[in-house]
Amino acid sequence: MSKQYFRVCFCFRRIFKLRVLEPPEEVKFLFNQYSQNGTMTLDDLHRFLIEIQGEEQATRNDAQAFFNSLKHLNIIQRKGLHLEAFFRYLMSDLNAALSPSSGVHHDMDAPLAHYFMFTGHNSYLTGNQLSSDSSIQPIINALRRGVRVIELDLWPNSKKDNVEVRHGGTLTSPVDLVKCLVAIKENAFHASDYPVVITFEDHLTPDLQSKVAKMVTKTFGDMLFCPKSDQMKEFPSPESLKKRVMISTKPPKEYIEAKNIKENETRKSSKKEHWKDEKASSESELETNDKDQPYQEAHIPDEDEEKTVPEYRNLIAIHAGKLKGPLENLLNVDSDKVRRLSLSEQELENAARTNGTDIVRFTQRNLLRLYPKGSRLDSSNYDPFIGWTHGAQMVAFNMQGYGKYLWVMHGMFKANGGCGYVKKPDFLLRLGPNNKVFDPTEQLLVKRILKVKVFMGEGWDLDFRRTHFDMYSPPDFFVKLGIAGVPADKAKKKTKIREDDWLPEWNEEFEFKLTVPELAILRIEVFEYDSSGQHDFGGQTCYPVSELRTGIRAVPLHDRRGDVYKNVRLLMQFEFA
């Protein structure tokens with residue numbers, strides 16, 4: 001054992017013995033069970049993968065790949081693996097808790113409404129919602145992390161002759177729209193080939209909408225998906241939209257008003273036909289009433305509007321709207337036309353109390369976008385399961401900060417190869433007996449039990465300075481485990497504290513009972529104990545339970561912002577009952 005010294009009060013030193021990294025006892029036991037005379041052959045490793053790791057489809061070639069990957073470490077014997085090499089394999093990225101080679105494996109040929117989509121909110125902000133700078137960098141960061149839905153607020157600039165992106169009514173600085181569009185084009189398909197949706201919050205005049213149409217068309221060209229009709233009965237599939245960019249916003253106000261005028265004139269024309277055999281005075285009175293409509297007179301589109309509005313409107317692939325009336329009315333109109341509805345987190349919470357199943361039914365064909373309530377000026381986020389349990393596809397998050405809900409969001413979209421689209425569970429898509437849909441408030445029976453064992457951790461001494469956690473001693477680590485999911489599945493556990501140890505070993509096992517495992521996210525956090533209660537952060541990660549690989553697995557940890565540490569990781573075991 002080596003030693004580590006910590007200076008106390010200038011003239012005293014505390015001396016701590018440092019353990020050498022070695023496998024836990026259970027790993028040693030398994031190695032002895034699956035090896036011969038201290039050596040694990042190719043066939044032994046193959047048998048271990050099937051019987052302990054649960055990799056029933058593993059082949060001898062898979063075992064050979066692990067052998068080959070360890071050769072550069074000079075710890076592999078000619079005849080096979082010894083204990084150190086086997087332990088290195090268990091702690092390596094080749095033995096990750098999520099399969100590194102599974103890639104996209106969900107059915108991607110269903111309509112967009114059948115998928116959860118990795119969605120950003122005010123994607124251009126670098127910090128808080130009130131006074132931070134606007135920039136293209138948060139957009140780039142989000143796309144490179146796999147975010148598929150980018151939100152831009154469009155406003156006229158001070159001269160009213162160009163378009164800028166900013167959070168209106170605040171002190172946030174603007175950024176040019178064209179810069180944002182170019183950033184999206186250059187980074188859209190870095191993490192995934194599946195479609196990127198740009199949601200516009202449009203506060204523009206018709207002439208500026210025309211400018212936006214030209215900017216968007218020039219920037220994206222053939223990448224842009226423009227539907228042939230705004231009366232889509234079903235959204236296209238992610239597979240059919242690979243490498244495409246889609247625009248989602250409300251149809252221009254002028255277009256809607258012009259459409260209303262035409263409909264009014266048609267109705268009035270019908271009335272005139274109906275009354276044509278009546279007295280001339282009645283007909284004259286009707287015509288007089290027609291001319292006395294100030295609404296029509298004020299909004300008959302001029303020549304420029306007739307050119308501008310359709311040009312902008314034709315870019316819109318996903319027509320959107322916000323809640324402006326009773327929710328039950330919006331959920332049940334235009335049943336033949338799919339669309340996107342936006343609600344704040346608070347609006348959904350209120351609506352879910354009385355209209356939960358209506359919302360689920362709506363999201364089986366239409367898109368529902370949620371966004372943070374206005375009081376979240378610090379760019380914090382909300383519980384995403386408010387939306388996911390009701391089938392909401394676009395649960396919009398502030399990506400520039402950090403916190404447990406954002407970590408859960410990252411965990412959800414590690415599923416399906418990290419492509420940014422996760423197929424919704426069947427129970428959110430299908431109709432039951434008597435056309436019933438899933439009721440998020442219904443109490444369900446336990447479907448699965450997840451067993452988690454925390455063996456040990458390593459890497460903090462390599463990724464942190466010696467006094468990062470404690471000025472006077474090595475750190476005292478403990479692990480917190482939790483389930484994020486439907487209310488019945490939420491749970492928290494934690495290990496004991498391992499004092500003064502850079503290589504903590506816990507060997508503790510926990511159970512989680514799950515009623516909706518399809519939506520459950522396993523949260524893993526490490527903290528360094530502080531007697532004040534303000535424990536120091538030591539790493540975190542989140543995994544979709546539905547994609548956990550069973551067996552003994554390496555679990556790399558991430559920092560607060562979600563970036564993976566170079567060396568910090570846990571050794572854990574996952575089993576289902």
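Positions are given from 1 along the sequence. Model, not experiment: these values are computed from the prediction. Quick note: numbers below take in every heavy atom, side chains included, and nothing from hydrogens, waters or symmetry partners.
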With sequence neighbours excluded, residues passing salt bridge (charged side-chain N to carboxylate O under 4.0 Å, His left out) with [X]:
X    : value
K447 : E518
D222 : none
E239 : K242
E164 : R166

For this session: Would you check if the distance from the ring center of F413 to the ring center of Y421 is below 6.0 Å?
Result: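 Between F413 and Y421, the centre distance exceeds or equals 6.0 Å.
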Any salt bridge (Lys or Arg N to Asp or Glu O under 4.0 Å) pairs touching [range], not counting sequence neighbours?
range            : value
residues 378-400 : D383-K490
residues 398-417 : none
residues 209-218 : none

Hey, does the side chain of [X] reach the backbone of [Y] with a donor-acceptor pair shorter than 3.5 angstrom?
X    : Y    : result
N128 : S131 : yes
D489 : G485 : no
H390 : I359 : no

Side-chain donor-acceptor pairs under 3.5 Å in residues 111-119, sequence neighbours left out?
unit_1 : atom_1 : unit_2 : atom_2 : d
Y115   : OH     : D107   : O      : 2.4
Y115   : OH     : D109   : N      : 3.4
Y115   : OH     : A110   : N      : 3.2
T119   : OG1    : M117   : O      : 2.7

Exercise. Is it true that R369 and E151 make a salt bridge, defined as a side-chain N closer than 4.0 Å to a carboxylate O?
Worked result: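 So R369 pairs with E151 through a salt bridge.
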Exercise. Do K513 and E511 meet the salt-bridge criterion of a basic N to acidic O distance under 4.0 Å?
Worked result: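 Salt bridge between E511 and K513, a charged N being under 4.0 Å from a carboxylate O: no.
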For this session: Given side-chain contact (heavy atoms from CB on, under 4.5 Å), test V545 with I483 step by step and report yes or no.
Result: CA-CA 9 Å; V545 168; I483 293 291; 4.2 Å; yes
Exercise. For the side chain to side chain contact (heavy atoms under 4.5 Å, CB included) test, which of P372, S123, P138 pairs with N398?
Worked result: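 Option passing the side chain to side chain contact (heavy atoms under 4.5 Å, CB included) with N398: P372.
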List the residues meeting side-chain hydrogen bond (donor to acceptor under 3.5 Å, both in side chains) with [X], not counting sequence neighbours, and say none if there are none.
X    : result
S240 : S237
N162 : none
Q137 : N141

For this session: Taking the six-membered ring of F574 (Phe, Tyr or Trp), confirm whether the NZ or CZ of R549 is under 6.0 Å from its centre and within 45° of its axis.
Result: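 Negative - R549 is either too far from the ring of F574 or too far off its axis.
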For this session: Can you tell me which residue pairs pass the ring pair (Phe, Tyr, Trp, His ring centres under 6.0 Å) test with a partner in residues 189-229, sequence neighbours excluded?
Result: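 For residues 189-229: W155-H203.
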